[in-house]
Amino acid sequence: MHVLPQLRKLEEKYADILTVVGVHSAKFNAEKSSENVRQAVRRYGIGHPVVNDADFEIWKSFAARAWPTLMFLDPAGKLIGRHEGEFLVDALDQVLVGMIEEHETLGNFVRGKLDFLPETRPETQLSFPGKITADAEREIVVISDSNHRRLVVSDLDGKVEAIIGNGESPLADIEHRGIFFERTYDQPLFDNPQGVVIDGETLYVADAGTHTIVRIDLVGGTAETIAGTGAQSMYRHEGGDALVTPLNSPYDLSLHRGVLYVAMAGFHQLWSLDLAENTASPFAGDGAEDIQDDLKSNARLAQPYGIEVSNNAVFFIDSETSALRVSAIADEGRVVTLVGKGLFDFGDIDGAGKDALFQHPQGLAVSKDVIYIADSYNNKIKSVAIGSLQVNTVAGSGKAGDVDGLSTIAQFNEPAGVAVAGNRVYIADTNNHKIKVMELDTKEVYMLKLTGL
């Protein structure tokens with residue numbers, strides 16, 4: 001998914017001559033469902049056809065070896081090139097120019113734009129909410145209404161107090177005016193807001209779509225970018241001044257003693273942002289995608305999507321390895337895997353530590369001695385006891401659906417975010433476009449009714 005924005009630029013530039021067909025060859029079992037693929041097409045606004053290669057037939061026929069792989073076909077359907085991994089859009093642009101010039105000179109095609117019927121869905125209050133944050137003391141909930149490109153702030157019972165962002169993407173402003181001027185709630189603020197930190201009257205937001213960190217002043221009603229350039233970094237680097245350092249898909253945040261810790265999914269790393277010095281740099285992970293415990297600088301991570309600091313430890317979710325991991329804050333600390341085994345080890349098994357299996361979890365929340373996990377592709381909420389590492393299912397039957405009631409029969413559809421406030425667990429039920437609440441006392445699950453939205 002990280003290459004889609006770059007690919008979209010080329011699709012738009014060469015709309016009358018370039019045809020893109022996506023082939024989805026699933027790694028996880030849940031991704032083999034055509035309905036789940038359809039939901040992903042809607043969530044990411046994909047405008048080209050996507051084939052569900054559930055049995056890897058197309059993958060095998062093209063001898064693909066890596067995600068993502070680009071295959072280039074000439075007008076006769078002959079394979080004329082391939083590229084594995086992410087790419088620099090300008091470099092690929094030059095390759096396309098050469099291909100187009102060669103075949104246009106030979107008269108092998110006629111220019112003309114292909115029109116496709118895009119996937120649509122009914123309008124809902126929320127659209128693919130990715131993350132949720134709760135503050136019991138301030139009695140507020142902040143919802144990342146990701147595909148509506150905004151934040152929704154409500155009280156703990158769903159009464160909406162503020163809408164932050166006008167629903168438009170600031171990407172056009174990046175090209176013209178930049179995104180570093182002070183903005184107000186009714187202006188374009190986000191492209192794909194995800195994790196949020198509440199710090200008194202300030203919110204910090206990880207905007208995965210613009211690859212930036214945004215600070216929100218709840219009193220003044222303003223927003224400003226504090227990290228990132230608005231462009232996706234296509235290479236790993238050592239960081240520096242936060243406002244001139246390009247980031248890569250920041251997905252979640254946690255704040256501890258003046259430092260924001262960032263789940264930087266695109267770099268396969270954790271980063272830290274010193275708010276006083278306004279500097280950003282890698283915190284853990286060498287940038288290679290894997291599950292390898294070691295000193296922080298040598299450890300290997302795989303698309304961290306969720307992060308929370310608790311008891312001087314940084315707990316995080318590694319989605320591509322279906323793992324729960326922890327890193328010490330100390331400079332010479334280590335990364336240790338609590339649950340998870342390998343890049344291709346996943347499932348739905350409760351148990352202790354590495355006897356348990358998740359399937360592409362995306363969010364977590366730490367509450368006292370328990371970690372709650374949004375086990376996304378298993379459509380469940382699970383708990384992990386910090387001492388014993390015992391993993392238990394606390395809500396969700398495992399079947400994708402939209403059912404409220406007792407936690408054992410409740411159904412979710414790829415929940416991606418989770419937060420705890422008092423005796424309530426708040427759940428971003430992403431593909432159902434809802435926020436669900438689980439009462440820890442009664443184990444009842446129900447939809448949070450948003451009023452005033």
Review point. Distance-only, no hydrogens or angles: does the Ser33 side chain make a donor-acceptor pair with backbone N or O of Ala30 under 3.5 Å?
Key: no
Check your understanding: So, are Glu11 and Lys113 salt-bridged, with charged N and O less than 4.0 Å apart?
Key -> no
Check your understanding: Between the side chains of Ser146 and Ser144, is a donor N or O closer than 3.5 angstrom to an acceptor N or O?
Key -> no
Review point. Would you say the side chains of Asp93 and Tyr14 form a donor-acceptor pair under 3.5 Å?
Key: yes
Review point. Is it the case that Glu439 and Tyr446 place a side-chain donor and acceptor less than 3.5 Å from each other?
Key: yes
Review point. Does a donor on one side chain and an acceptor on the other come within less than 3.5 Å for Gln411 and Asn413?
Key: no
Practice item. From the options Asp429, Asp348, Asp375, select the one residue that forms a salt bridge (Lys or Arg N to Asp or Glu O under 4.0 Å) with Lys380. Key: Asp348
Review point. Any side-chain donor-acceptor pair under 3.5 Å between Asn52 and Arg38?
Key: no
Point to revise | Donor-acceptor contact present, side-chain Trp59 to main-chain Ala26, <3.5 Å | key: no
**Study point:** Least distance between heavy atoms, Ala284 atom then Leu301 atom
**Key:** O-CD1, 3.6 Å
**Study point:** Option from Tyr377, Phe358, Phe28 for which ring pair (Phe, Tyr, Trp, His ring centres under 6.0 Å) with Phe346 holds
**Key:** Phe28
Revision key, fill the gap. Rounded to the nearest 0.5 angstrom, the CD-CG distance for Gln94 and Leu92 is 10.0 Å
Practice item. State, without any angle test, whether Gln125 and His433 hold a side-chain donor-acceptor pair at a distance under 3.5 Å. Key: no
Check your understanding: Does Thr321 offer a backbone N or O that forms a donor-acceptor pair with the side chain of Asp318 under 3.5 Å?
Key -> no
Review point. Between Asn431 and Gln39, do the side chains contain an N or O donor and an N or O acceptor separated by less than 3.5 Å?
Key: no
Check your understanding: Okay, side chain of Thr225, backbone of Ala227: is any donor-acceptor separation there less than 3.5 Å?
Key -> no
